[in-house]
Amino acid sequence: MSYVDEVIERIVKENPNEPEFHQAVKEVLNSLRPVVDANEEKFRKDALLERLTNPERQLKFRVPWVDDKGQVQVNTGYRVQYSSAIGPYKGGIRLHPSVNLGIIKFLGFEQIFKNSLTGLPIGGGKGGSDFDPKGKSDREVMAFCQSFMTELCKYIGADTDVPAGDIGTGAREIGYMFGQYKRIRGVYEGVLTGKGLSYGGSLARKEATGYGLLYIVQEMLKSKGDSLQGKTVIVSGAGNVATYAIEKAYQLGGKPVTCSDSTGWVYDPDGIDLDALKEIKEVKRARLTEYRNYRPNAEYHEGRGVWTVKADIALPCATQNELNLEDAKTLVANGTKVVAEGANMPTTQEATDYLQENGIIFLPGKAANAGGVATSALEMSQNSERLSWSFEEVDAKLQGIMANIFHNIDNAAKKYGFEGNYVVGANIAGFEKVVDAMNAQGIV
Ligand code: NDP
């Protein structure tokens, strides 16, 4: 049995009931076969893949807090410190009822390669809790965040592990967590990114993931003599990534016509009204059902269905496994040319295979949504310097980083004979740097 197959088999056996984690490991290891096969003896002797796929440390802890009725609630908190080969652990905190250890491990594992691709010195990690901020008062969210940080603060720090936002963790939650960290540890340091501008946040961090997604699509199209001008774009999600992907799609000449949340989706043939979307989601924290109050001509549908709308470019920006094989078939039948992942692993493995087999250009999340973590790393740099850069400065760096990522994954794919396969390109390019650092640091 090949070394890759052996490790996959072991991961599945040793980590039961963690399908998303298995999926992420299989996707990465399968696409690393050309590199691993060429170095099989050495990698096996060094147990390189076992060390890569086993987190350096995983924390699971109790998070008790008191709700507005005086009832004590108990959630579970997680932090998986996956790999510090190229820098301090870095990755977001997800607050969503679906969170479990397997989901955090899948996200943390992906994060290693994504962070490596940015070219910046950041290792991989991820955290979260099954707490649901939806429908909670600000006081309840604060109570949860303070309790979560009371435990987590023992294990993180500006030079060890720097968490950030993710699903359910926005500026409000980061603020409460930062306040509690400072209060307990007594240090004012860049321990979290995605902070507010008044206390060490970076301009353009909020926009970075969505903007970065469009920058890499633009760079890819440019390499083929094309552009976003006049392209119809379908987007899923209505959160941080989706909103700023829609904003940048407009700025680059595209026309985004859909968005969605966990209850339904909107099709606006005139193009999504960005101001309305921001007001509904960022100010009112309401459902997309409200969208038609702003745009009576738009359609609102319950359930899922964004991928049925005919478009040139599809940008899944909500959550994992939200684009399945049926959706992929619809996209191909509708003549979609590009799928770029704003979310983490939003496309199932079968869907990815189908899209690639049918000539759709597919940009995987670990490359396409790396703009968020890259700008988080820029926030860390500004915190270390105790300086703030202008929006234009950060945005220009982000554009450069996304263009570099595209060329790196493109070149890695070509080097190993997989031209145009950006999944293989992204995994190999991310892996090479991490392995180099691991080898240099000995068996740790
Ligand atoms: P938000 O919480 O801001 O938004 C998430 C959006 O997706 C919401 O519209 C939400 O709907 C929808 N959604 C979440 N879960 C589900 C579900 N199970 N089914 C259907 N819809 C769902 O998160 P972000 O925009 O920050 O993150 C979106 C994705 O991008 C995630 O995969 C995240 O890991 C990834 N990502 C985020 C980065 C960042 O900088 N924020 C960086 C890189 C990747 P509702 O409002 O109804 O819950």
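Whatever order the structure lists ligands and atoms in, that order sets their numbers, starting from 1.
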Can you name the atoms of ligand 1, numbered from 1 with element, that are less than 4.0 Å from a heavy atom of [X]?
X	value
A343	29 (C), 30 (O), 32 (O), 35 (C)
K281	46 (O)
G168	2 (O)

Kindly state whether the ring of [X] and the ring of [Y] have centres lying under 6.0 angstrom apart.
X	Y	value
Y422	F406	yes
F109	Y82	yes
Y176	F148	no
F178	Y199	yes

Examine the proximity of ligand 1 to [X] and report which part, side chain or backbone, both or neither, has a heavy atom under 4.0 Å away.
X	value
Q320	neither
T209	side chain
E322	neither
R205	side chain
S260	backbone
C317	backbone

Say whether [X] and ligand 1 are in contact under the criterion: heavy-atom distance to a ligand atom below 4.0 Å.
X	value
R304	no
H96	yes
R287	yes

CA sep, side-chain torsions, deciding dist, call: K231, D226, salt bridge (Lys or Arg N to Asp or Glu O under 4.0 Å): CA-CA 10 Å; K231 300 270 190 304; D226 201 351; 3.0 Å; yes
Option among D166, D130, D132 that satisfies the salt bridge (Lys or Arg N to Asp or Glu O under 4.0 Å) test with R94: D166
Candidate list R304, K281, R285, test salt bridge (Lys or Arg N to Asp or Glu O under 4.0 Å), partner D261, passing option: K281
What protein heavy atom lies closest to [atom]? Include the residue and the distance to one decimal.
atom	result
atom 34 (O) of ligand 1	D166 OD1, 2.6 Å
atom 19 (N) of ligand 1	T319 CG2, 3.9 Å
atom 9 (O) of ligand 1	A238 N, 2.9 Å
atom 48 (O) of ligand 1	K134 NZ, 2.8 Å
atom 26 (O) of ligand 1	N240 CB, 3.8 Å

Among [options], which residue places a heavy atom closest to [atom]?
atom	options	result
atom 32 (O) of ligand 1	D261, T243, N344, T169	N344
atom 20 (C) of ligand 1	S376, S262, G165	S262
atom 28 (C) of ligand 1	A318, G239, G237	A318

Donor on one side chain, acceptor on other, S84 and E56, under 3.5 Å: yes
N75 and W65 side chains, donor-acceptor separation under 3.5 Å: yes
Distance-only N or O hit between ligand 1 and R94, under 3.5 Å: yes
Under 3.5 Å: N/O of V241 near N/O of ligand 1: yes
K195 backbone acceptor or donor facing E379 side chain under 3.5 Å: yes
Backbone N/O of I93 and side chain of T169: donor-acceptor pair under 3.5 Å: yes
Electrostatic pair R295-D268, nearest N-O below 4.0 angstrom: yes
Partner of K60 under side chain to side chain contact (heavy atoms under 4.5 Å, CB included), chosen from T76, L101, N100: T76
